[in-house]
Amino acid sequence: MSEPAETTTAADTPRFRYTAALAGDIERRWQDFWETEGTFDAPNPVGELADASHPRAGAPKLHVQDMFPYPSGSGLHVGHPLGYIGTDSYTRYKRMTGFNVLHPMGFDAFGLPAEQYAVQTGTHPRVTTEANVERYRAQLRRLGLAYDNRRTFSTTDEDYYRWTQWIFLQVFNSWYDPEQRKARPIDELISAFESGARVNPAWATATPVEKRKIIDDHRLAYVSEAPVNWCPGLGTVLANEEVTPDGRSERGNYPVFKRSLKQWMMRITAYGDRLIEDLDALDWPEPVKLMQRNWIGRSQGAHVDFATETGGGTITVFTTRPDTLFGATYMVLAPEHELVATLTAPTWPSGTKDSWTGGHATPAEAVADYRAKAAAKTDEERQADAKEKTGVFTGAFAVNPVNGVRVPVFIADYVLAGYGTGAIMAVPAQDTRDWEFAEAFDLEIIRTVQPTDGWDGGAFTGDGPAINSARTDGDLDLNGLGVADAKARMISWLEARGHGTGATTYRLRDWLFSRQRYWGEPFPIVYDETGLPVPLPDSMLPVALPEVADFAPRTFDPDDADSEPETPLSRAKEWVEVELDLGDGPKRYTRETNTMPQWAGSCWYELRYLDPKNDKVLVDAANEAYWMGPQRPGDTGGVDLYVGGVEHAVLHLLYARFWHKVLFDLGHVSSVEPFRKLFNQGYIQAYAFRDARGIAVPAEEVVERDGAWYHDGEKVTREYGKMGKSLKNVVTPDEMCETYGADTFRVYEMAMGPLDVSRPWDTRAVVGSQRFLQRAWRLVVDEETGAVRISDDAADEKTRRLLHKVIDGVRGDMEELRFNTAIAKLIELTNGLTGLAEPPREAVEPLILMMAPFAPHLAEELWSKLGHTGTLTYADFPVADPALLVADTVTYPIQINGKVRGKIEVPADADEPTVRAAALSEIADHLAGREPRKVIVVKGRMVSVVL
RNA sequence: GCCCGGGUGGUGGAAUGGCAUACACGGCCGCCUUAAAAGCGGCUGCCGAAAGGCAUGCGGGUUCGACCCCCGCCCCGGGCACCA
């Protein structure tokens with residue numbers, strides 16, 4: 001390396017001080033070096049990226065990945081790279097401990113903002129997106145992040161989305177076999193129907209088109225006419241996961257309506273059980289696992305059939321508490337339930353209470369009125385009204401199958417059409433909602449579980465012995481059984497008598513997979529004259545996005561629920577209408593004009609990093625097995641460490657797991673899960689300031705005086721939140737690199753707290769990290785002359801002990817991602833060395849190696865100044881000498897009744913009686929002749945005396 | 001309402017049963033400087049002149065000893081919310 005260019009600084013700043021300018025010079029040089037040398041290229045076992053001569057070829061592997069960013073137009077602020085710097089520090093450390101490290105970075109570049117910008121300005125989304133990606137690359141490069149640059153891509157690259165489309169075809173060409181609990185090729189289902197191995201009564205007589213429909217209904221990707229979330233304001237439909245609990249779009253906050261529309265779906269529900277069960281094997285934060293469990297919402301219980309008296313058919317309910325069936329005193333259907341019309345009685349039966357009729361003369365009127373009111377309510381209003389139970393009696397009665405008792409049937413909006421069967425048996429004694437309804441409508445309450453002593457009334461949902469739960473004929477008696485046993489007994493009775501079956505239901509719905517947008521992956525699907533979908537062969541991939549004049553989907557008045565989606569691609573007429581030869585000669589086809597949701601590209605990118613140049617397969621089996629395969633029996637495989645924000649807990653992470661499992665079932669990957677270990681980093685937030693009018697003022701211009709804040713002499717108020725343009729509190733990594741240098745910025749971000757904790761940004765405090773690096777620099781370089789001032793003499797005993805204590809501590813911290821405490825220890829070591837006239841090489845070299853993960857440019861520079869050639873990337877991380885970790889003397893604090901009253905220093909190997917005697921003599925004054933009641937000596941720790 | 005996570009100096013944080021407040025910021029004092037900045041050194045939990053006392057959200061408990069374990073409560077952040 002060449003000597004640094006002379007830095008221009010104030011006249012009296014020492015010429016060789018580690019200033020921002022010098023740091024910038026060092027950083028640029030090393031970034032160029034790393035890039036030219038391909039320093040961070042990780043060798044694959046096979047293929048184009050294999051390299052048997054690499055220092056880590058064949059070494060134990062480590063695959064660490066960040067959730068890749070969407071490259072937004074405003075670039076990075078200091079909060080964005082927190083996780084990237086964390087994984088970079090960790091992987092640089094692991095490289096030095098012998099691992100072959102894969103740490104790639106890419107860009108999730110399809111998505112709404114580029115499209116909306118395109119709509120406003122007419123700029124093609126590809127142009128905007130590529131410019132943003134270049135800006136991100138430059139910003140990340142400047143931070144010295146050690147990526148394997150051969151493995152980077154954007155999801156918008158044709159080479160990439162070609163494989164996204166290929167995976168879609170895999171999903172489309174599969175069905176889920178519940179017996180084998182896995183996806184299988186659709187051809188196997190067709191063969192099974194043909195041979196009769198699987199019985200489908202309609203198959204034998206079906207026409208070819210009908211057979212296609214039957215098959216299409218089994219595919220894992222399918223078109224369905226079903227209620228979906230239609231968002232007129234965005235002009236597109238949305239997945240359930242993209243709709244907020246108050247019924248609005250997560251992006252844009254527009255109203256969302258339930259509309260029945262023909263859309264692509266993915267059968268993620270088939271994987272509900274496996275998605276829940278396999279969570280147990282993952283090393284993920286518990287809250288994220290819990291959110292996924294809740295979202296999937298598996299509940300186990302039974303379907304129970306209730307006969308109806310009026311000939312309206314059988315009402316099937318789902319219940320998690322079949323044990324309480326003797327306490328079912330009424331039933332409720334969702335207002336939209338299909339049996340409501342046929343059930344509703346012509347007149348009010350005798351015994352109808354006034355409160356049940358809603359003031360109407362006939363059940364039909366009451367039902368019609370209630371249904372109209374319920375339909376008019378938005379989800380939001382429905383929730384707001386949730387406290388008060390409403391409903392009306394249908395005039396119909398059903399028969400409780402367990403004891404033959406007649407129970408009235410109501411409709412009420414507290415029962416949801418979309419969950420279970422849309423109908424419930426109501427057991428007020430054991431269900432809070434049913435209790436509230438029963439009180440409001442004066443219905444009977446029969447306890448079937450004995451509440452605990454002192455229960456003050458209300459529904460009892462806990463465990464207890466069953467009561468009032470026996471048939472008079474002795475055929476069934478649950479009394480005395482606990483809830484679990486009673487459930488099991490009841491289910492077997494229902495099954496034996498044909499009244500019901502054990503059952504499991506899910507809250508999870510199938511994944512709505514099509515969007516009415518331009519900037520997304522086109523579907524590799526065309527439609528023939530039957531209107532049924534036809535998959536394109538692999539040879540026709542990629543299906544490239546066509547050029548269009550107008551990128552916008554048709555949007556509507558956000559409240560216009562009856563509007564119809566219209567896709568941008570449908571306007572590219574010459575693209576949509578196409579002649580193809582799909583095996584039976586050239587024919588006219590119509591292309592699918594929806595595009596895939598933004599999640600598609602991020603559903604599998606962890607796999608493409610493994611083998612990004614491969615144009616034969618998605619990922620070579622040997623490369624996949626090496627980087628992501630299971631490491632031992634029972635292991636799920638997957639990325640060894642995946643770092644990102646908790647906001648993707650159910651969206652991205654659920655979809656990616658689903659796709660990965662399909663690919664596993666079809667034999668394309670050996671790992672069962674995409675991400676073995678997940679880590680949620682915290683957020684860096686910032687203070688923002690507003691003046692008296694409530695307008696945000698530039699945060700950097702605000703000064704603090706006596707606990708108040710002022711801007712231009714005017715008092716302003718402070719708030720805490722995200723960094724953003726509108727709050728005028730954005731701080732960028734570029735500014736930090738300019739003012740302090742990238743290494744200082746990196747050290748500061750890692751030192752300011754644990755990686756998983758959110759915290760406020762404080763530019764003023766960055767100088768502390770710069771001072772640390774300056775002190776370390778000064779250990780090696782004379783600031784005035786630039787000469788290396790290291791001594792080759794042995795370190796003194798004290799220095800040596802400090803060094804090895806720090807090595808030991810830093811290794812432990814690095815393994816556990818405790819970067820803040822690792823840096824604190826490095827600062828202690830540095831401070832311990834700065835006092836020495838000539839710092840010993842023996843201690844300085846390990847210090848530099850240990851600093852390398854956090855301040856890689858500085859470390860490389862000092863390493864070469866100490867006479868080493870090339871990079872330290874693959875140098876060995878220091879190892880502590882165990883002999884130097886045990887002290888030869890130990891200081892024991894002495895407590896009297898829990899308060900420290902003295903200290904003694906004794907040889908480390910002193911036995912207990914010696915320590916005890918020394919301690920008692922030390923505190924003789926405090927004892928004043930009294931005999932201690934008890935003396936506890938904790939070896940190596942302390943002495944506790946009780947008076 | 002239910003389920004998670006958290007509450008430690010002026011600030012970010014350290015300590016997972018054994019000397020509470022490591023490390024850093026800020027503040028104060030000093031060195032250097034014509035001066036300022038930068039840099040370097042010292043002090044800095046609170047009360048108190050000191051001796052000493054008091055401090056890890058609040059109240060109890062277990063223990064020789066509790067920020068740490070247990071019980072009850074308060075506050076902050078997040079998730080879910082009529083899911084039968």
Side-chain angles (χ1 to χ4, degrees), chain A residues 9-10 12-14 17 19 245 285-291 293-295 297-299 301 317-321 324 332 334 382-383 385-389 412-416 418-427 430-434 436-437 505-508 646-647 649-650 680 704 707 747-748 751-754 756-772 774-775 778 783 809 818 820-828 830-831 834-835 891-903 932-938 940-947:
Chain A
T9 51
D12 50 355
T13 301
R17 172 162 294 171
T19 59
E286 267 320 307
V288 175
K289 289 190 185 185
L290 192 67
M291 278 187 253
R293 284 195 194 99
N294 287 343
W295 185 262
R298 176 166 68 178
S299 39
V317 302
F318 176 73
T319 176
T320 56
R321 294 295 303 274
T324 63
V332 185
R382 204 161 157 153
Q383 262 174 34
D385 298 343
K387 278 142 262 148
E388 203 177 322
K389 292 282 179 290
D413 65 2
Y414 84 92
V415 173
L416 307 174
Y419 187 79
T421 62
I424 63 154
M425 65 177 210
V427 187
Q430 274 83 227
D431 184 285
T432 314
R433 296 152 301 177
D434 296 345
E436 287 166 5
F437 190 87
T505 63
Y506 302 87
R507 198 183 89 114
L508 181 71
V646 72
E647 70 271 20
V650 285
N680 293 127
E704 187 184 353
V747 169
Y748 176 63
M752 66 197 287
D756 57 350
V757 172
S758 295
R759 55 214 119 132
W761 179 258
D762 182 10
T763 297
R764 285 186 313 175
V766 177
V767 70
S769 298
Q770 189 181 35
R771 287 179 192 147
F772 162 47
Q774 283 176 337
R775 286 198 296 275
R778 226 172 1 241
E783 287 191 330
R818 293 188 304 250
N820 55 328
T821 52
I823 290 171
K825 291 178 176 83
L826 293 174
I827 292 173
E828 283 184 77
T830 304
N831 293 350
T834 42
T891 306
Y892 281 85
I894 304 151
Q895 286 185 355
I896 301 176
N897 291 345
K899 298 239 180 268
V900 178
R901 296 297 181 193
K903 284 177 189 175
R933 282 201 292 144
K934 204 169 175 184
V935 179
I936 297 145
V937 178
V938 186
R941 284 290 187 182
M942 61 152 22
V943 181
S944 185
V945 178
V946 189
L947 281 183

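In what follows, chains are A, B, ... by sequence order, proteins preceding strands, each numbered from 1.
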**OP:** Not counting sequence neighbours, which residues clear ring pair (Phe, Tyr, Trp, His ring centres under 6.0 Å) with A:F437? List them please.
**Re:** A:Y330, A:F410, A:Y414, A:F441
Original post:
Tell me, what's RNA chain B's dot-bracket, Watson-Crick or G-U with both distances under 3.5 Å, | for other-strand, [ ] crossing?
Top reply: (((((((..(((.....[....)))((((((.......))))))(((....)))..(((((..]....))))))))))))....
Original post:
Residues two or more places apart in sequence or in another chain: which of them pass side chain to side chain contact (heavy atoms under 4.5 Å, CB included) with A:D413?
Top reply: A:P335, A:Y370, A:K377, A:R382, A:T390
**OP:** Could you pull out all residues at least two apart from A:T319 that satisfy side chain to side chain contact (heavy atoms under 4.5 Å, CB included)?
**Re:** A:V304, A:R321, A:P322, A:M425
Subject >> Qualifying residues under ring pair (Phe, Tyr, Trp, His ring centres under 6.0 Å), relative to A:Y748, sequence neighbours excluded >> reply: A:W761
**OP:** Could you list the residues that satisfy salt bridge (charged side-chain N to carboxylate O under 4.0 Å, His left out) with A:R771, not counting sequence neighbours?
**Re:** none
Produce the list of close N/O pairs, under 3.5 Å, pairing protein atoms with atoms of nucleotides 30-33 of chain B; give distances to one decimal.
none

N/O-N/O pairs, protein side and nucleotides 39-42 of chain B side, under 3.5 Å:
| unit_1 | atom_1 | unit_2 | atom_2 | d |
| --- | --- | --- | --- | --- |
| B:rG39 | OP1 | A:R771 | NE | 3.3 |
| B:rG39 | O4' | A:R17 | NH1 | 3.4 |
| B:rC40 | OP1 | A:R778 | NH2 | 3.0 |

Subject >> A:R507: partners by side chain to side chain contact (heavy atoms under 4.5 Å, CB included), with sequence neighbours left out >> reply: A:W295, A:Y419
Subject >> Partners passing side chain to side chain donor-acceptor pair (under 3.5 Å) against A:E828 (at least two apart in sequence or in another chain) >> reply: none
Strictly under 3.5 Å: I want the nitrogen or oxygen pairs between protein and nucleotides 6-12 of chain B, one per line.
| unit_1 | atom_1 | unit_2 | atom_2 | d |
| --- | --- | --- | --- | --- |
| B:rG12 | O2' | A:M752 | O | 2.7 |

Original post:
Got a sec, which residues hit side chain to side chain contact (heavy atoms under 4.5 Å, CB included) with A:A423, two or more places apart in sequence or on another chain?
Top reply: A:I315, A:V317, A:L333, A:H337, A:T421
